[in-house]
J.: 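Have a look at the structure that comes next, please.
The shown structure was predicted, so the numbers you read here are calculated from the model rather than taken from an experiment.
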Amino acid sequence: MMNVNTRIKLSLMMFLEFFIWGSWFVTLGTFLEKNLSATGSQTAAVFSTQSWGAIIAPFIIGLVADRFFNAERILGVLHIIGAVLMYQMYTATNVDAFYPYVLGYMILFMPTLALVNSVAFNQMKDAEKEFSNIRFWGTIGWIVAGLFISYLFLWDSAEGLSSGLLKNTFAMAGIASLILGLFSFVLPKTPPKVSKDEKVKLSDILGLDALSLLKDKNFAVFFISAILICIPLAFYYQNAHPFLSSIGVAGPTGKMAIGQASEALFLLMIPVFFKRFGFKITILVGMLAWAVRYALFAYGNAGELSFMLIIGIALHGVCYDFFFVSGQIYTNSRAGDRYKSAAQGLITLATYGVGMLIGFEVAGMITDSYKLADGSVDWKMVWIIPAGIALVVFLLFSVFFTDKKTTPESQLNHA
């Protein structure tokens with residue numbers, strides 16, 4: 001078993017990694033609207049930096065991290081540079097000045113998600129048992145950031161929003177980034193995995209070797225569904241916080257942390273659900289949850305129907321875990337040993353890269369097209385459209401995906 005000192009270090013690393021992300025990303029849409037007067041398409045362009053980061057990240061990991069340097073040192077350098085970029089985002093006064101810094105930041109931040117996993121896995125004898133206990137602290141970090149914003153500093157209160165206090169989220173993220181950057185140098189040593197003389201292939205970096213899996217009709221249906229379901233997912237990232245703020249929900253950032261708490265809870269339920277109902281039902285429940293959540297957003301309000309909004313936020317665990325986490329387990333079981341990491345890389349590229357890129361663009365266009373003359377947004381339509389998209393993906397998947405070959409038990413054994 002891992003010693004206590006190492007466990008504490010890895011837990012703190014995860015806490016800070018996700019505290020940084022949760023510090024600014026949840027409130028980003030509202031910040032862009034209130035502080036920088038961004039349009040829907042400008043907001044979409046800023047959010048799309050996450051996708052560009054996800055597309056470029058494998059190159060940073062595959063060409064540099066895996067070959068030349070210790071993972072913990074690269075983690076440190078990326079977060080220290082990230083702190084500088086956060087300061088530039090904090091001082092930016094318009095979208096044009098803000099964009100290059102957020103793009104640079106996301107290109108550096110997205111690889112750190114893989115690096116913290118590498119550092120953690122390298123210390124584990126039994127990753128399946130130990131990893132979730134360490135990764136759990138990441139979810140706690142994200143939740144704490146949200147609670148700080150809403151209940152400690154009140155940056156997202158009506159007064160805070162009108163005074164432009166949301167820009168302080170970048171200062172908070174920057175300070176945490178600097179702390180994690182320095183702390184990374186005392187993390188357990190994680191040397192390169194690949195010898196620097198070994199030839200590196202583009203297909204390895206992007207996981208393209210796993211494309212052969214698409215010959216299997218079921219995997220192809222899952223792959224296309226995974227890209228399409230990212231369109232509704234992008235609406236949540238881009239629009240949920242501005243929506244809750246504009247209709248007058250108190251402490252919206254803290255309330256959105258309920259979504260992360262539910263993510264942690266449902267993560268524990270996946271093995272049970274998987275064993276009982278199998279992969280197809282698990283994924284369909286995840287897809288249906290997107291449609292239900294957005295219907296709740298469309299018809300709920302900040303008054304007597306506010307419980308609908310809270311249920312919608314709380315469904316995040318079902319929406320995210322039942323689709324994405326069970327999708328990773330399915331991919332793992334389908335890929336076999338040879339393509340395991342390539343397949344995961346390919347799915348990440350397809351979802352966080354391509355799928356989210358399309359999703360943010362669509363969400364920006366829809367938000368702009370339902371802006372009313374007084375500058376407010378017809379939120380009901382903005383939520384009904386992604387609910388419809390999720391429902392279409394649900395129907396396509398339920399008709400075209402037939403998973404007879406793999407029993408839930410054997411999938412779990414592979415996972």
J.: Side chains of Ile270 and Phe322: closer than 4.5 Å at any heavy-atom pair?
T.: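 Ile270 reaches Phe322 side chain to side chain.
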J.: How far apart are the C-alpha atoms of Asp156 and Ser245, what are their side-chain angles, what is the distance that settles it, and do they pass the side-chain hydrogen bond (donor to acceptor under 3.5 Å, both in side chains) test?
T.: CA-CA 8 Å; Asp156 63 355; Ser245 300; over 6 Å; no
J.: Keeping the roles fixed (side chain from Thr351, backbone from Ile227), state whether a donor-acceptor pair exists under 3.5 Å.
T.: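 No; zero donor-acceptor contacts below 3.5 Å.
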J.: Should the ring pair Phe15 and Phe19 be called parallel, tilted or perpendicular, given that the plane angle runs from 0 to 90° and is split at 30 and 60?
T.: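 Rings of Phe15 and Phe19: parallel, under 30°.
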J.: Would you call the rings of Tyr320 and His316 parallel, tilted or perpendicular, taking 30° and 60° as the class edges?
T.: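 The rings of Tyr320 and His316 lie parallel, inter-plane angle below 30°.
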J.: So that I know where these two stand, are Phe31 and His241 an aromatic pair - ring centroids less than 6.0 Å apart?
T.: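 Phe31 vs His241: aromatic centres not under 6.0 Å.
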J.: Would a 4.5 Å heavy-atom cut-off, applied to side chains only, mark Phe219 and Thr331 as touching?
T.: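 Sidechains of Thr331 and Phe219: in contact.
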J.: If you take the centroid of each ring, where Trp contributes its six-membered ring, are Trp24 and Tyr90 closer together than 6.0 Å?
T.: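 Centroid distance Tyr90-Trp24: not below 6.0 Å, so no.
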J.: Is it the case that Glu17 and Thr112 place a side-chain donor and acceptor less than 3.5 Å from each other?
T.: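 Yes.
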J.: So which heavy atom on Gln88 is nearest to which on Thr91, and how close?
T.: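 Nearest heavy atoms, Gln88 then Thr91: O-OG1, 3.1 Å.
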J.: Any idea which heavy atoms bring Ser23 and Thr169 closest together, and the distance?
T.: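 Distance-wise, the nearest heavy atoms are O-CB, 3.1 Å.
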J.: Compute the ring centroids of Phe25 and Phe109, then answer whether they are less than 6.0 Å apart.
T.: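 So the answer is no for these two rings.
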J.: Using a distance-only test with no angle check, is there a side-chain donor-acceptor pair under 3.5 angstrom linking Thr139 and Arg135?
T.: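 Distance-only check passes for Thr139 and Arg135.
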J.: Testing the basics here: between Tyr352 and Gln50, what is the closest heavy-atom pair and its distance to 0.1 Å?
T.: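 Heavy-atom minimum between the residues: CD2-NE2, 3.1 Å.
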J.: Say whether, by atom type as modelled, one donor and one acceptor occur between the side chain of Lys34 and the main chain of Ser162 under 3.5 angstrom.
T.: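 No.
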J.: Determine the minimum heavy-atom distance between Gly29 and Pro242, stating which atoms define it.
T.: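 Scanning both residues completely, I find the closest heavy atoms to be C-CG, 3.6 Å.
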J.: For Ser184 and Leu180, indicate whether the former's side chain and the latter's backbone hold a donor-acceptor pair under 3.5 Å.
T.: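 Present.
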J.: Are the ring centres of Phe222 and Phe400 closer than 6.0 Å?
T.: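 No - the distance between ring centres of Phe222 and Phe400 does not fall below the 6.0 Å cut-off.
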J.: Do Phe185 and Arg73 have side chains that approach each other closer than 4.5 Å (heavy atoms only, starting at C-beta)?
T.: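 A side-chain contact exists here, since the closest heavy-atom pair is under 4.5 Å.
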J.: Is there side-chain contact between Val46 and Tyr99, with heavy atoms separated by less than 4.5 Å?
T.: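 Yes; the side chains approach each other to less than 4.5 Å.
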J.: Assert yes or no for the condition that the ring centre distance of Phe297 to Trp383 is strictly below 6.0 Å.
T.: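 Yes, close enough.
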J.: Heavy-atom distance under 4.5 Å between the side chains of Thr43 and Asn239, does that happen here?
T.: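 Contact flag for Thr43/Asn239 side chains = no.
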J.: Do Phe360 and Phe47 have ring centres separated by under 6.0 Å?
T.: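 They qualify: ring centres under 6.0 Å apart.
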J.: Hey, do the aromatic rings of Phe148 and Trp155 have their centres closer than 6.0 Å?
T.: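 No: the rings miss the under 6.0 Å criterion.
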J.: Measuring centre to centre across the rings, with the benzene-like ring taken for any Trp, is Phe273 within less than 6.0 Å of Phe279?
T.: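 No: the rings miss the under 6.0 Å criterion.
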J.: Minimum heavy-atom separation for Ser262 to Gly317, with atom names?
T.: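 For Ser262 and Gly317, the tightest heavy-atom pair comes out as OG-N, 2.6 Å.
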J.: If you take all heavy atoms of Pro188 and Val119, which pair is closest and at what distance?
T.: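 Heavy atoms of Pro188 and Val119 come nearest at O-CG1, 4.2 Å.
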J.: Can you tell if the side chain of Leu296 reaches within under 4.5 Å of the side chain of Leu309, non-hydrogen atoms only?
T.: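 They are not in side-chain contact.
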